[in-house]
Amino acid sequence: MREYQENSIVQAVDRLSDSLHRLTLFAPQIAAVARPGQFVMASCGTTLDPLLRRPFSIHQSFADVALQILVKVIGRGTRYLSELRPGAELSLIGPLGRGFHATTTGSVCLIGGGIGIAPLLFLASHLPTSPECSACTVLLGSQTKADLIVLSEEFIQFGCQVHTATDDGSLGHHGYISNLLPAVLPGVEKVFTCGPHAMMTTVAGLCLEADIACEASLEAHMACGLGACLGCAIHGSGNTYKHVCKHGPVFDAREIIWNP
Ligand SMILES: Cc1cc2nc3c(=O)[nH]c(=O)nc-3n(C[C@H](O)[C@H](O)[C@H](O)COP(=O)(O)OP(=O)(O)OC[C@H]3O[C@@H](n4cnc5c(N)ncnc54)[C@H](O)[C@@H]3O)c2cc1C
Ligand code: FES
């Protein structure tokens, strides 16, 4: 798998809600080889502060020339990215990690919470679309309606059936998105998930119980993103450690100890 360090050029910064920004980046080398579920390490400043690059899922990749990242502002690095303007340079390393295995032709369910929705749109755009392929149900959860309006429409454009849930009840089900999964699971061949750890723990548990394949994209603090610092270790099954940046971020749910 090829990885590049590329000085991308910001083409657009779209504000989807108060805290969500979508950056479109001209990055032909990375865009040409990126697969759903992979990520980039982005330089979040022009000085040595902050020193470390930050990891971002590849949200979309277009015609092998541009890619998008979805940024939720939580600290210095993400604020820096949200304030970039078209024409600015942004150094990226990627595509990194192992992505989703989206080859199934049976019905699938994509379930994302919060910023974990980011990699699922790229996945939805890559699902097999032949007439023999079955449905794609997408379950999207967030704190409030504003974070979901644009994104849910985009999944619909890929032919997915979308259901939503919000913590404040402003859109869809009032409560956790994982509450909607049991009704969808019968008939689903595979589930793909990304979001808060608690949500994915519930999703993985339901899938394991029903003997349905599940792939989960995990988050961890990452210093290098390249398998060198060992800072992103998590507990794997069989008394092993897995490194999210190198062995993941996408794992078969059975490979992970969800409550170590
Ligand atoms: C594989 C992967 C993919 C990711 N994809 C995306 C994405 O598509 N969009 C997006 O907005 N974010 C994504 N993230 C999270 C993103 O990398 C962090 O939000 C970012 O590094 C924060 O940088 P900052 O400088 O803004 O915040 P900092 O100033 O570094 O931190 C602010 C606060 O957030 C906490 N924090 C930082 N990173 C994390 C983390 N990974 N998990 C939990 N708490 C954290 C810090 O401890 C601190 O309290 C991803 C992370 C991983 C590992
Ligand atoms: S982030 Fe350094 S090994 Fe994973």
Side-chain angles (χ1 to χ4, degrees), residues 3 8 13-25 27 30 34-61 67-84 90-100 110 112-124 140 142-143 147 150-151 154 192-201 215-236 240-251 256:
E3 293 162 3
S8 71
V13 182
D14 297 309
R15 185 171 169 273
L16 303 194
S17 69
D18 284 347
S19 66
L20 271 190
H21 295 75
R22 182 152 58 189
L23 274 67
T24 305
L25 305 165
I30 297 176
R35 307 297 306 162
Q38 291 190 295
F39 65 99
V40 291
M41 293 294 284
S43 214
C44 291
T46 50
T47 65
L48 289 180
D49 182 33
L51 181 63
L52 300 174
R53 289 170 182 267
R54 307 293 200 243
F56 293 91
S57 302
I58 297 172
H59 174 56
Q60 274 285 37
S61 172
L67 57 83
Q68 289 184 324
I69 58 173
L70 193 63
V71 177
K72 183 181 171 76
V73 177
I74 65 158
R76 280 183 311 156
T78 45
R79 180 159 307 285
Y80 170 84
L81 294 179
S82 73
E83 290 170 353
L84 286 173
L90 178 62
S91 171
L92 304 175
I93 298 177
L96 298 170
R98 295 176 192 212
F100 295 107
L110 279 48
I115 195 62
I117 294 169
L120 299 183
L121 193 66
F122 192 16
L123 174 62
L140 303 177
S142 73
Q143 286 177 346
D147 292 338
V150 175
L151 294 170
E154 291 173 344
F192 300 92
T193 185
C194 185
H197 194 81
M199 182 205 87
M200 291 199 290
T201 303
E215 287 189 8
S217 180
L218 268 65
E219 260 202 35
H221 286 277
M222 286 187 185
C224 72
L226 300 165
C229 72
L230 310 185
C232 62
I234 55 163
H235 291 276
T240 56
Y241 283 100
K242 306 271 185 198
H243 295 111
V244 174
C245 70
K246 213 60 190 172
H247 302 126
V250 176
F251 293 90
I256 303 303

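Order of listing sets the numbers, starting from 1, for every ligand and every atom in it.
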Go through ligand 2 atom by atom and flag the ones less than 4.0 Å from a non-hydrogen atom of [X].
X: Ala223; result: 1 (S)
X: Gly227; result: 3 (S)
X: Cys245; result: 1 (S), 3 (S), 4 (Fe)
X: Ala228; result: 3 (S)

Determine whether a donor-acceptor pair (N or O, by modelled atom type, separation under 3.5 Å) exists between the side chain of [X] and the backbone of [Y].
X: Thr78; Y: Val71; value: no
X: Arg53; Y: Ser91; value: yes
X: His59; Y: Gln68; value: no

- Task: Using a distance threshold of 4.0 Å (strictly less than), state whether atom 9 (N) of ligand 1 has a protein heavy-atom neighbour.
- Result: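 So far as the 4.0 Å threshold goes, atom 9 (N) of ligand 1 is in reach of a protein heavy atom.
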
- Within a distance of under 4.0 Å, is there any protein heavy atom near atom 48 (C) of ligand 1?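 Looking at atom 48 (C) of ligand 1, one finds that no protein heavy atom lies closer than 4.0 Å.
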
- Message: Quick check on Gln143: does its CD atom have over 12 non-hydrogen neighbours (other residues, nucleotides or ligands) under 6.0 Å away?
- Response: no

Just go through [options] and tell me whose heavy atom is the nearest to [atom].
atom: atom 30 (O) of ligand 1; options: Arg22, Glu219, Gln68, Arg54; value: Arg54
atom: atom 11 (O) of ligand 1; options: Lys72, His21, His197; value: Lys72
atom: atom 4 (Fe) of ligand 2; options: Cys232, Gly248, Pro249; value: Cys232
atom: atom 17 (O) of ligand 1; options: Pro55, Pro196, Cys44; value: Pro55
atom: atom 43 (C) of ligand 1; options: His221, Met222, His59; value: His221

- Can you check side chain to side chain contact (heavy atoms under 4.5 Å, CB included) on Leu81 and His21, steps first, answer last? CA-CA 9 Å; Leu81 294 179; His21 295 75; over 6 Å; no

Considering non-hydrogen atoms only, spot the tightest contact between [X] and [Y] and give its length.
X: Gly94; Y: Ile30; value: O-CG1, 3.4 Å
X: Leu52; Y: Arg54; value: O-NH1, 3.0 Å
X: Gln38; Y: Gly97; value: NE2-O, 2.9 Å

- Could you label the plane-to-plane angle of the Phe192 and Phe100 rings as parallel, tilted or perpendicular, counting under 30° as parallel and over 60° as perpendicular? perpendicular

To which protein heavy atom is [atom] closest, and what is the distance rounded to 0.1 Å?
atom: atom 26 (O) of ligand 1; value: Thr78 OG1, 2.5 Å
atom: atom 1 (S) of ligand 2; value: Gly225 N, 3.2 Å
atom: atom 5 (N) of ligand 1; value: Ser57 N, 3.0 Å
atom: atom 7 (C) of ligand 1; value: Leu70 O, 3.5 Å
atom: atom 27 (O) of ligand 1; value: Gly75 CA, 3.5 Å
atom: atom 3 (S) of ligand 2; value: Leu230 N, 3.0 Å

- Message: Out of all atoms in ligand 1, which are within 4.0 Å of some heavy atom of Ala118? Include the element for each.
- Response: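 Those qualifying, in numeric order: 8 (O).
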
- Query: Would you call Leu16 and Leu70 a side-chain contact if the rule is heavy atoms closer than 4.5 Å?
  - Reply: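 Leu16 reaches Leu70 side chain to side chain.
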
- Item | Close side-chain approach of Ile115 and Glu219, heavy atoms under 4.5 Å |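 Contact flag for Ile115/Glu219 side chains = yes.
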
- Given Arg22, which of Ile69, Val13, Leu151 fulfils the side chain to side chain contact (heavy atoms under 4.5 Å, CB included) condition?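 One option only clears the test, and that one is Leu151.
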
- Item | Whether Ala220 lies under 4.0 Å from ligand 1, heavy atom |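 Contact present.
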
- Task: Would you check whether Val71 reaches within less than 4.0 Å of ligand 1, judged by its heavy atoms?
- Result: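 It does, in that a heavy atom of Val71 comes within the 4.0 Å cut-off of ligand 1.
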
- Message: Once rounded to the nearest 0.5 Å, what's the spacing between atom CG of Leu110 and atom CD of Glu215?
- Response: 10.5 Å

- From Ser43 atom OG to Ile93 atom CD1, the distance as rounded to the nearest 0.5 Å: 8.0 Å

- Item | atom 4 (Fe) of ligand 2 reached by His243 (N, O or S, under 2.8 Å) |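 No.
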
- Item | Residue part near ligand 2, for Ala220, under 4.0 Å between non-hydrogen atoms |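 Neither; no heavy atom under 4.0 Å.
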
- Counting heavy atoms under 4.0 Å, the part of Met222 that contacts ligand 2 is both

- Item | Proximity of His235 and Tyr241 rings by center, below 6.0 Å |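 Yes, close enough.
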
- Query: Could an N or O of ligand 1 be found under 3.5 Å from any N or O of Ile74, whether backbone or side chain?
  - Reply: no

- Task: Verify the distance test for Cys229 against atom 2 (Fe) of ligand 2: any N/O/S atom under 2.8 Å, yes or no.
- Result: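 Of the N, O and S atoms in Cys229, at least one lies under 2.8 Å from atom 2 (Fe) of ligand 2, which means yes.
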
